[in-house]
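Source: prediction; values computed, not measured. Just so we're on the same page: letters track the sequence lines, and every chain starts at 1.
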Amino acid sequence: MDESYDPAAVEAAAQQHWRALDAYRAVEHDPRFPRGKFYVCSMLPYPSGKLHMGHMRNYTLNDVVYRFMRSSGFNVMTPMGWDAFGLPAENAAIEKRVAPAQWTRANIAGMKSQFAPMGFAFDWSREVTTCDPEYYRWNQWLFLKMLEKGIAYRKTQIVNWDPVDQTVLANEQVEDGRGWRSGAIVEKREIPGYYLAITRYAPELLEHVQHTLGGWPAQVRTMQENWIGRSDGCEISFPYAPDTRSLMKSDGALKVFTTRADTVFGTTFMAIAAEHPIALAAAETSARLAAFIEECRRGAVMEANLATQEKRGLATGLHVLHPFTGEPIEIWVANYVLMGYGEGAVMGVPAHDERDFEFAHHNGLRIACVVKSTSGAYEEVREPWKPAYSEYGITVNSGEFSGLGYEAAVAAIAAALEKKGLGRKRVQYRLRDWGISRQRYWGTPIPIVHCNVCGVVPVAEKDLPVVLPEDLVPDGTGNPLNKDERFLACACPRCGQGARRETDTMDTFVDSSWYYMRYCCPGAQTMVDERTAYWMPMDQYIGGIEHAVLHLLYARFWTMVMRDLGLVRFDEPFERLFTQGMLLAHCYYREDASGRKRWFYPAEVEQEFDERGTPVSAVATEDGKPVMYGGIEKMSKSKNNVVEPGEFIKRFGADTARAFVMFAGPPDQSAPWSDTSAEGVHRFLRRLWAFCHEHREQIPLAKRTQVTDATLKKIRRELHSTLQQALFDYQRMQYNTVVSAAMKMLNALETVKRPDAVTLLHEGVSILLRVLYPVAPHITHVLWQELGYAAEMGDLLDAPMPQPEPAALHQDELELVVQVNGKLRGHVTVAAEASEEAIKSAALAQQPVQRFVEGKPIRKVILVPGKLINIVV
RNA sequence: GCCCGAGUGGCGGAAUUGGUAGACGCAGCGGACUCAAAAUCCGCCGCCCUUAAAAGCGUGUCGGUUCGACUCCGACCUCGGGCACCA
């Protein structure tokens, strides 16, 4: 055994040992593990090129779970794969003139090699790469099944259009309303695309998130609940007035959805989206309206933009009739009404809705108060807006429905509407169907063929996969598949005539909706097989909080679809979910004349902080001139604030890297990266090594004897109570305090200064090594072997977690806190079984306590057993 | 704008979920060892007053509940995540 700790040698030896054992290959029904299977998985990474500290944190977390659960006797499996399709590969292609496939595969190879030194327990025989035809063929296959079931369907969608580059832009590619490369003002454009009917599953998705996903963080459940957004309300039809009737050449009605049917008599205008059919029809005869709609079309489609923009509208001059009074109501086109939600039209009730109020005020529309406040918060509605105006109350000025409370009014109005055939109660979800078409090259081809004779025809199942050519290089102007004859030309599956392939590809969220099921069954000739049934549902899923809604909802939906097709037998894919926080880093930029930002690497910048640690200014090292401080943001390639683990591992070793990222803070919270305290963790591992080296001869020879000495008993109690805390923290995945616990154990063991204490040392070190092992597996593995524990208890991989001994935790005397009126005034040591009376008099006998109690009557005494006594005077 | 989080010493954070605020570590200060440095070891380390002791203040801000609040409730401020084509 070397005298000093050499991480490189230790880690090479440990990894060689595990490699020789093929230690992480997981086998279904492995008889070595009586407690059954445990499937732990981290969200698969996008192969951006370099592994960064954020990845390190995620996968260390994953690895700690793996090792802890295996030490607890489970047949644990943890896989790894690559989310290999997506936009960044196309961007790299444009910039570097290299095919996305080539770039992606090179990145995968690079990142895989960066994983190697970390000692992660991945079962690489299960690797999934989503751009492999053998993977994405099943995306296509399930898509065809969904088409058959009517879950997948075709309809128009609104996208960001860059009129200069003639290309569809992702939201991310829109900066301040302009295309990121061309700088042109972005427009909205309607094109056909495929949707998946996730809204059909909205009730079940909601039901489970409210009642069955107990292993999920409350925060995520709330976010999903709000995202699905169930509203109970009414659908109301406002029949067309003659002017609208003649324009639309129909005697239809304008349908709206409202949660406030009780306010229907307060409707003073109707607001419709710019893309609404009535708006489009009206625009044909009105230049002003056409111009306004054109204006609404400008700008991107992001909801954050729509919600913050000034609410504007224009009257159409058309009318509908109030369903009860028959009064004509004017239709307005408004930029805040979304075509994608509800009916694309709302009834404007300015008296009781803040947005309508603002809109009416702005456009000089009538405000009709139809609800009377029950709390007397207002008599009449007038400027400025008060939140009380939208509260429930008693209906007034509402004809036969006046004088009713909210629920009674809604019930009565809905019943009356239903009788007239002008409405009914309905549940509306905020959730929208999932548009999966992308006008992009680097994704799963949508298996559809366009035939001049037969129209839109699905590819036959036997012709799957539709393989994506891997040698195209996009140039930023449209989808290169549109220019690739080899890909385009095909025969119509129905009539056999020459036809053309669909060139849209699928959203990459499709790939990530089920990869974790494919990990379970590498090489299967079907989408999933019986091995999937063994490992799924996943026991522990780990991933970033930024995926709380989209990915985690799509994956749940996809699972339900697979279940309904008979492919799997469970309802939910993820039993327990852990959302880890992100690693953040400082970022710096400079803006050029056109407003474009250039981001600097932290290494290119010198940052100055004031004495409170707040950044004050920064200059670029290259020219000494100031750069703008962009705050602390999530590590991302586009902001150049990524910290790579390579250097760090070279300096300190993988165990220090692992222990340090765990020690840095609670894993479910985001943390700013800083390596200043890494020294402390490394020092701890060196001390551990030195301590074991010092006792390398006594420990293997130790005999088990009782610890009777009072000082040693105290140390032993500390050891066992720290162990208890560590196990609790393992369970709740608070690994930062697990590392603290290991440090405390070493601190305690170092106070053993007696040569005859070998029993305690033997026990203590065996506990410490096993507690630290999941976090720092290499050093603990080597020490475990060197000190003879492996011979005694077997390989550390499968050595059971130690358990605290009740006898070791027992205390004869307790120190209680003494409070007077809730303020700490002293301590008192009493026998463990002392009576309340005895404790009380002991507490009152205390000098400082006397001083505060003196002369005042004691009103109450509160005793918290084993903790404190509070005297209230 | 809407939804979800977070805010504790100079810094990262702890407080087993209403019961001793600051565990564990970093940085800093003092000391030992050393010709010296590094490494290592020992001690101190929230603020204020003070020679010291004792008291007082203290978990973003303001208010409330409680014998007792970092923890629960209300309002606000700041920062972070998401908002459906980044992944």
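R221(A) comes within 4.0 angstrom of nothing in the nucleic acid, heavy atoms only. Across all strands, W434(A) comes closer than 4.0 Å to no nucleic acid atom at all (heavy-atom distances). Counting non-hydrogen atoms under 4.0 angstrom, Q734(A) reaches the backbone sugars and phosphates but no base. Contact annotation for V159(A): base contact, defined as any heavy-atom pair under 4.0 Å involving a base atom. Residue contacts shown for G435(A) are limited to sugar-phosphate atoms, with no base heavy atom under 4.0 Å away. At a threshold of 4.0 angstrom between heavy atoms, the contacts of F684(A) with the nucleic acid are absent. Residue contacts shown for P666(A) are limited to sugar-phosphate atoms, with no base heavy atom under 4.0 Å away. Using a 4.0 Å heavy-atom distance criterion, A548(A) is classed as making no nucleic acid contact. Looking at heavy-atom distances under 4.0 Å, S512(A) makes no contact with the nucleic acid at all. Within 4.0 Å of L431(A), counting heavy atoms only, lies at least one base atom of the nucleic acid. Note on T308(A): a base of the nucleic acid sits closer than 4.0 angstrom, heavy atoms only.
With a glycosidic angle more than 90° from 0, U8(B) adopts the anti conformation. Classified by its glycosidic torsion, G13(B) falls in the anti category, the angle being over 90° from 0.
Under the 3.5 Å distance criterion, the side-chain polar atoms of S182(A) are left unmatched by any main-chain donor or acceptor of D165(A). Not a single donor-acceptor pair under 3.5 Å links the side chain of Y541(A) to the backbone N or O of T579(A).
Counting only heavy atoms from C-beta on, N226(A) has its side chain closest to C4(B) among C86(B), C4(B), A84(B). Of the listed nucleotides (C4(B), A15(B), C85(B)), C85(B) has the atom at the smallest distance from the side chain of R440(A). Closest contact between the side chain of F728(A) and the listed nucleotides G81(B), U16(B), G5(B) involves U16(B). Considering only the side chain of A170(A), C85(B) comes nearest among G81(B), C85(B), A84(B). In this structure, the nucleotide among U40(B), C85(B), A15(B) sitting nearest to the side chain of R686(A) is U40(B). Of all nucleotides listed (A84(B), A55(B), A87(B)), A84(B) comes nearest to the side chain of M302(A). Comparing A15(B), A84(B), G81(B) by their closest approach to the side chain of R732(A) singles out A15(B).
In this structure, K860(A) places its NZ atom 6 Å from C1' of C67(B), rounding to the nearest Å. If you measure from atom CD1 of I545(A) to atom C1' of C3(B), you get 12 Å, rounded to the nearest angstrom. In this entry the distance linking CG of L809(A) with C1' of U16(B) reads 14 Å, nearest Å. Taking atom CD on Q725(A) and atom P on U17(B), their separation rounds to 13 Å, with Å as the unit. Going from atom CD of E3(A) over to atom C1' of U40(B) covers 12 Å, rounded to whole Å. Between N160(A) atom CG and C85(B) atom P the separation is 10 Å, expressed in whole Å. Taking atom CZ on F509(A) and atom P on C86(B), their separation rounds to 8 Å, with Å as the unit. Rounded to whole Å, atom P of U17(B) lies 15 Å from atom CD of Q731(A).
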### Task
Quick one, give me the B/S/- string for nucleotides 19-29 of chain B, reading 5' to 3', where B means a protein heavy atom under 4.0 Å from the base and S means that only happens at the primed atoms, P, OP1 or OP2.
BB--BBSSS--

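As rounded to the nearest Å, A52(B) and A15(B) have P atoms that lie 34 Å from one another. Of the P atoms belonging to U17(B) and C72(B), the separation is 13 Å, rounded to the nearest Å. Here the separation of C45(B) from G22(B), taken at their P atoms, is 12 Å to the nearest Å. The separation of G60(B) from C70(B), taken at their P atoms, amounts to 10 Å, rounded to a whole angstrom.
When ring centroids are compared, Y336(A) and F359(A) come within the 6.0 Å threshold. Centroid-to-centroid, the aromatic rings of F684(A) and F663(A) stay 6.0 Å apart or farther. W434(A) has its ring centre no less than 6.0 Å from the ring centre of Y195(A).
A salt bridge is absent between D504(A) and R438(A): the closest approach of a Lys/Arg side-chain nitrogen to an acidic carboxylate oxygen does not fall below 4.0 angstrom. Ion pairing of R230(A) with E225(A) is absent here, as no side-chain N (NZ or NE/NH1/NH2) approaches a carboxylate O to less than 4.0 Å.
Side chain Q439(A) to base C85(B): a donor-acceptor pair is found below 3.5 Å.
For E750(A) and Q219(A), each mapped to the nucleotide of RNA chain B holding its nearest heavy atom, the one lying further toward the 5' end belongs to Q219(A).
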### Message
Determine whether Y135(A) and W514(A) satisfy the following criterion, ring pair (Phe, Tyr, Trp, His ring centres under 6.0 Å), listing intermediate values before the conclusion.
### Response
CA-CA 10 Å; Y135(A) 180 74; W514(A) 70 282; 4.5 Å; yes

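When the side-chain nitrogen and oxygen atoms of Q309(A) are compared with OP1 and OP2 of C2(B), none of them lie within a distance under 4.0 Å. At C83(B), none of the side-chain N or O atoms of N171(A) fall inside 4.0 Å of OP1 or OP2 (strictly under the cut-off).
The residue from N139(A), T508(A), T505(A), D507(A) that alone fulfils the side-chain hydrogen bond (donor to acceptor under 3.5 Å, both in side chains) condition with T444(A) is N139(A).
Between F660(A) and F648(A), the ring planes lie parallel to each other; the angle is under 30°, not in the 30° to 60° tilted range.
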